[in-house]
Amino acid sequence: MAAVAVHQFAQSITCHAWSPDQTMVALCPNNNEVHIYKFIKDRWEKLHVLYKHDQIISGIDWSIRSNKIVTVSHDRNSYVWNQEASEWVPTLVILRLNRAALCVQWSPKENKFAVGSGAKTVCVCYYEQENNWWVSKLIRKKHNSSVTGVAWHPNNILLATTSTDGKCRVFSTFIKGVDPRDSGAGSSNELKFGEQIAQLDLSFTWAFGVKWSPSGNTLAYAGHNSMIYFIEDVESSPSAQTVAFRDLPLRDVLFVSERMLIGVGFDYNPMVFAADETGLWSFVKFLDEKKTTQSSSKYGSQFSEAFGKLYGQSKQGASNDTVEPSRPRGGAHENCITCIVPLRKGGETVVKRFSTSGLDGKLVIWELDNYIDLLQ
């Protein structure tokens with residue numbers, strides 16, 4: 001398995017998002033601008049540059065239904081961009097933050113979006129037609145540190161967050177007048193806004209990259225201790241699995257199906273995790289395989305083996321990672337991968353293509369056709 005396309009857009013890319021038809025990509029080249037490119041005649045052309053933020057843009061999300069772009073920045077501001085004719089026009093978002101905004105994601109119905117921040121706060125934003133702006137309701141005093149990730153449950157009500165306090169939490173975001181009572185969320189829409197459903201204390205380090213599976217039955221997030229956590233049935237009777245691996249930590253994860261997940265991070269190389277028929281999750285392989293080199297030092301080999309035995313297996317038996325000789329990093333990416341985005345067509349429940357970007361300034365497109373047997 002190898003990347004099908006590698007594009008060098010900048011020296012470093014903070015985050016990126018795709019247009020609904022996947023013909024355009026919006027990215028931040030590690031500054032206060034958003035660059036929008038379109039693939040025209042075998043090459044990428046820069047069509048727009050969005051100027052409004054004063055500091056580095058830390059999050060971008062492009063809505064599939066309404067074709068709106070939402071951006072957040074270290075300047076504590078957020079804007080929703082609407083395309084009018086050939087221009088992108090920003091709409092103000094009232095966040096009320098006193099620290100940087102770090103991440104953002106549209107809800108499945110796109111009537112809300114969530115913003116995580118360094119102010120230990122989550123902003124759930126919705127549109128007010130009368131004033132032509134987006135206002136926010138805040139989830140305060142629940143996190144003990146910066147909110148690094150937000151993820152919407154498919155029911156449009158539940159919101160999962162990760163934080164540098166090492167915890168993953170799940171909240172209700174039901175807003176009267178925005179979310180209908182018959183939204184199909186079951187008991188979720190009977191809870192008050194900001195009510196905490198669950199707090200997961202599985203990691204003792206920073207937590208990143210929280211995501212829900214397509215059905216919403218499984219929640220996954222990564223820890224800075226080279227572990228990844230899978231939680232089943234968060235609302236009713238949660239059960240957790242911990243998968244430890246001997247490689248560098250992950251920064252973001254993506255479910256490509258109910259039983260398969262891709263993790264990306266400091267190893268420059270996407271990692272595949274899968275669940276067997278019994279629901280046991282384990283590390284499978286790296287997508288961008290490179291030929292391993294045998295260690296020339298007997299001591300180094302013994303140290304690697306001992307280190308792998310100590311850290312490369314999960315205490316809960318959820319890892320089948322074996323001890324291998326040291327492996328050269330790199331391939332399609334040459335630095336930390338910070339963002340992974342699905343390339344899903346309408347109606348598809350399985351992600352067969354996705355893109356990654358990172359600190360090397362590359363945007364890489366991957367295909368999973370060789371993994372159809374694992375995806376289904």
Side-chain angles (χ1 to χ4, degrees), residues 103 105 108 114 116 147-155 158-171 197-245 247-267 269-276 278-287 314-321 337-342 344 349-351 354 356 368 371 374-375:
C103 52
Q105 187 181 52
V147 179
T148 59
V150 292
W152 287 95
H153 190 278
N155 66 14
L158 297 184
L159 179 72
T161 67
T162 48
S163 171
T164 50
D165 63 10
K167 296 177 176 58
C168 175
R169 298 172 175 87
V170 180
F171 300 97
I197 310 277
Q199 177 175 297
L200 306 168
D201 302 331
L202 302 176
S203 176
F204 296 99
T205 58
W206 294 357
F208 297 102
V210 62
K211 291 292 190 302
W212 295 92
S213 65
S215 69
N217 293 330
T218 306
L219 181 67
Y221 69 100
H224 206 57
N225 53 353
S226 292
M227 290 187 180
I228 185 169
Y229 309 96
F230 297 90
I231 303 91
E232 308 283 342
D233 301 323
V234 175
E235 289 187 83
S236 54
S237 55
S239 60
Q241 294 183 43
T242 300
V243 180
F245 46 93
D247 301 282
L248 296 180
L250 300 175
R251 280 290 279 108
D252 201 2
V253 300
L254 172 69
F255 276 96
V256 294
S257 73
E258 283 295 317
R259 294 173 46 206
M260 188 174 180
L261 176 140
I262 308 295
V264 296
F266 293 93
D267 239 300
N269 197 336
M271 302 172 69
V272 181
F273 297 86
D276 60 18
T278 65
L280 190 67
W281 287 88
S282 60
F283 169 73
V284 178
K285 65 178 295 183
F286 287 92
L287 279 185
S314 169
K315 294 181 180 179
Q316 301 186 26
S319 174
N320 66 348
D321 191 18
I337 304 173
T338 59
C339 185
I340 178 169
V341 179
R344 185 192 293 112
T349 58
V350 173
V351 177
F354 64 90
T356 58
L368 291 171
Y371 291 90
L374 288 175
L375 291 167

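You'll find the side chain of Glu258 reaches within 4.5 Å of the side chain of Ser215, heavy atoms only. Within the 4.5 Å cutoff, the side chain of Pro249 has no heavy atoms near those of the Asn225 side chain. Proximity of Ile197 to Leu158: side-chain heavy atoms (C-beta onward) are separated by under 4.5 Å at one or more points. Contact check for Phe255 versus Thr218: side-chain heavy atoms found under the 4.5 Å cut-off. No side-chain heavy atom of Asp233 sits less than 4.5 Å from a side-chain heavy atom of Pro238. In this structure the side chain of Ile228 never reaches within 4.5 angstrom of the side chain of Met271, judged on heavy atoms. Proximity of Val272 to Leu287: side-chain heavy atoms (C-beta onward) are separated by under 4.5 Å at one or more points. Side-chain contact check for Ile262 versus Phe354: some heavy-atom pair is nearer than 4.5 Å.
In this structure, the ring of His224 has its center no less than 6.0 angstrom from the ring center of Phe204. In summary, the aromatic rings of Trp281 and Phe273 are positioned with their centroids too far apart to meet the 6.0 Å limit. In this structure, Phe283 has its ring center no closer than 6.0 Å to that of Phe245.
In this view, Trp212 and His153 satisfy the ring-ring contact (aromatic ring centres under 6.0 Å, His included) rule, not counting sequence neighbours. In this structure, the side chain to side chain contact (heavy atoms under 4.5 Å, CB included) partners of Thr278, at least two apart in sequence or on a different chain, are Asp276, Leu280.
Taking CZ of Phe208 as the reference point, atom OG1 of Thr164 lies at 7.5 Å (rounded to 0.5 Å). From Leu219, atom CG reaches atom CG of Leu200 across 6.5 Å, with rounding to the nearest 0.5 Å. How far CZ of Phe230 is from OG of Ser282: 9.0 Å, rounded to the nearest 0.5 Å.
Across Ser213 and Pro154, no two heavy atoms sit closer than the pair O-CG, 4.2 Å. Across all non-hydrogen atoms, the minimal contact from Ser203 to Gly223 is OG-CA, 4.0 Å. The minimum heavy-atom distance linking Thr161 with Phe171 is given by the pair OG1-CE1, 3.7 Å. Contact between Ile231 and Ala240 at its shortest, heavy atoms only, is CG1-CB, 4.2 Å. Taking all atoms of both residues into account, the shortest heavy-atom contact from Gly116 to Val150 is N-CG1, 4.1 Å. Closest approach of Asp165 and Lys167 over heavy atoms only: OD1-N, 3.0 Å.
Using a distance-only test at 3.5 Å, with no hydrogens or angles considered, a donor-acceptor pair links the side chain of Ser226 to the main chain of Asp247. Listed for the Gln241 side chain is no donor-acceptor partner under 3.5 Å among the backbone atoms of Tyr229. Not a single donor-acceptor pair under 3.5 Å links the side chain of Ser163 to the backbone N or O of Gly166. In this structure a side-chain-to-backbone donor-acceptor pair under 3.5 Å is missing from Arg251 to Thr338. Put simply, the side chain of Asp252 never gets that close to the backbone of Val264: no donor and acceptor are under 3.5 Å apart.
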**Message:** Determine whether Thr162 and Trp206 satisfy the following criterion, side-chain contact (heavy atoms from CB on, under 4.5 Å), listing intermediate values before the conclusion.
**Reply:** CA-CA 8 Å; Thr162 48; Trp206 294 357; over 6 Å; no

**Full working for side-chain contact (heavy atoms from CB on, under 4.5 Å) between Leu250 and Val253** = CA-CA 8 Å; Leu250 300 175; Val253 300; 4.3 Å; yes

